[in-house]
Amino acid sequence: RAFTINAVVEDGDKIIDLYGGQEDLKNKVLRHVSEHFVEDPLRVIRGFRFASCLNFSFAEETKKLLTKMISSGELETLSSERVWGELKIVLEKGDPQIFFELCESYHLTDFVFPALDVSQIHWENLKGANNENLFCLIFFHTKDRDKYFEKYTIPKNLKKMALLLKDTASGLNCFFNKDPEHILDFYKRIRQD
């Protein structure tokens, strides 16, 4: 297993814990089991997902390893489907604020969610939202929707909801500004989508 908390085994009445996973569970720490952790770059994103779902922090040695893996460029080899799979779980079961703050601190925001402006998100407004609403509200803060959809193939219903929210907001904005060019652009987008 990649993290010590996943490497604890129950054998009948006996607990086998070779890597101190029980202690890490108690202390809410994510720690890699061995240097083989680097063999799958998705473990970086999965670690962020675990942190967001469990509200755990990373051990210092794991933070160093994550930084090393990110700077190696290996994450670029990941398929968008695998990254989206982790992001989907964060939206369904995790705390997206923790996830995206980790992405921001490790300079991975643009890799995970292209063109997202994390600083504009009011996380307190997202508490209790379902995964579709979360996705749409997070997507609302992307600067370039096409860049996002070039990277990921996501469910059509999410894409439609996100585009409608984005276009409705930009449409309202252009009506308030009374800018004819923006109003025409808004109608063109609605007709295309």
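Computed over heavy atoms, backbone and side chain alike; hydrogens, waters and symmetry mates excluded. Just so we're clear, the structure is a prediction, and the values are computed from it rather than from any experiment.
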Open item on the list: Is any side-chain heavy atom of Asp40 closer than 4.5 Å to one of Arg82?
Closed with: yes
Task: OG1 on Thr4 to CG on Asn6, rounded to 0.5 Å - done: 8.0 Å
- [ ] Nearest 0.5 Å please: distance from the OG atom of Ser57 over to the CZ atom of Arg31.
- [x] 9.5 Å
- [ ] Measure the spacing between OG of Ser105 and NZ of Lys63 and express it to the nearest 0.5 Å.
- [x] 8.5 Å
Open item on the list: Counting C-beta onward and ignoring hydrogens, is there a side-chain heavy-atom pair between Lys68 and Ser72 closer than 4.5 Å?
Closed with: no
TODO: For the pair Lys64 and Glu61, find out whether any cationic side-chain nitrogen is under 4.0 Å from an anionic carboxylate oxygen.
DONE: no
Open item on the list: Within the 4.5 Å heavy-atom criterion, are Gln22 and Val8 side-chain neighbours or not?
Closed with: yes
Open item on the list: In this structure, would Val112 and Met69 fall into the same cluster of hydrophobic residues linked by side-chain contacts under 4.5 Å?
Closed with: yes
Task: Non-hydrogen side-chain atoms of His32 and Phe58 separated by less than 4.5 Å - done: no
Open item on the list: Between Asp95 and Ser52, do the side chains contain a donor N or O and an acceptor N or O under 3.5 Å apart?
Closed with: no
TODO: May I ask you to decide if the ring planes of Phe37 and Phe3 are parallel, tilted or perpendicular, using 30° and 60° as cut-offs?
DONE: perpendicular
Task: Min side-chain heavy-atom separation Phe56-Asp24 under 4.5 Å - done: no
Open item on the list: In the structure I gave you, are the side-chain heavy atoms of Leu42 and Glu86 within less than 4.5 Å of one another anywhere?
Closed with: yes
TODO: Find the distance between CZ (Arg43) and CG (Leu65) and round it off to the nearest 0.5 Å.
DONE: 10.0 Å
Task: Thr62 side chain near Leu30 side chain, heavy-atom distance below 4.5 Å - done: no
Task: Val44 side chain near Tyr106 side chain, heavy-atom distance below 4.5 Å - done: no
Task: Pair Lys88 + Glu92, salt bridge at N-O below 4.0 Å - done: yes
Task: side chain to side chain contact (heavy atoms under 4.5 Å, CB included) assessment of Phe111 paired with Ile45 - done: CA-CA 10 Å; Phe111 171 77; Ile45 308 300; 4.3 Å; yes
Task: Polar side-chain atom of Asp11 near backbone of Lys14 as donor-acceptor pair, under 3.5 Å - done: no
TODO: Give, for atom CD1 of Ile89 and atom CZ of Phe50, the distance between the pair rounded to the nearest 0.5 Å.
DONE: 8.5 Å
TODO: Kindly give the cluster partners of Leu18, where membership spreads through any ILVMFWY side chain lying under 4.5 Å from a current member.
DONE: Val9, Ile16, Tyr19, Val33
- [ ] To the nearest 0.5 angstrom, please state how far the NZ atom of Lys28 sits from the CG atom of Asn55.
- [x] 5.5 Å
Can you give the donor-acceptor pairs under 3.5 Å from side chains of residues 96-103 to other protein atoms, not counting sequence neighbours?
{"from": "Gln97", "atom 1": "NE2", "to": "Glu101", "atom 2": "OE2", "distance (Å)": "3.0"}

TODO: Mind listing the closest non-hydrogen atom pair of Glu74 and Pro41 along with its distance?
DONE: O-CG, 3.6 Å
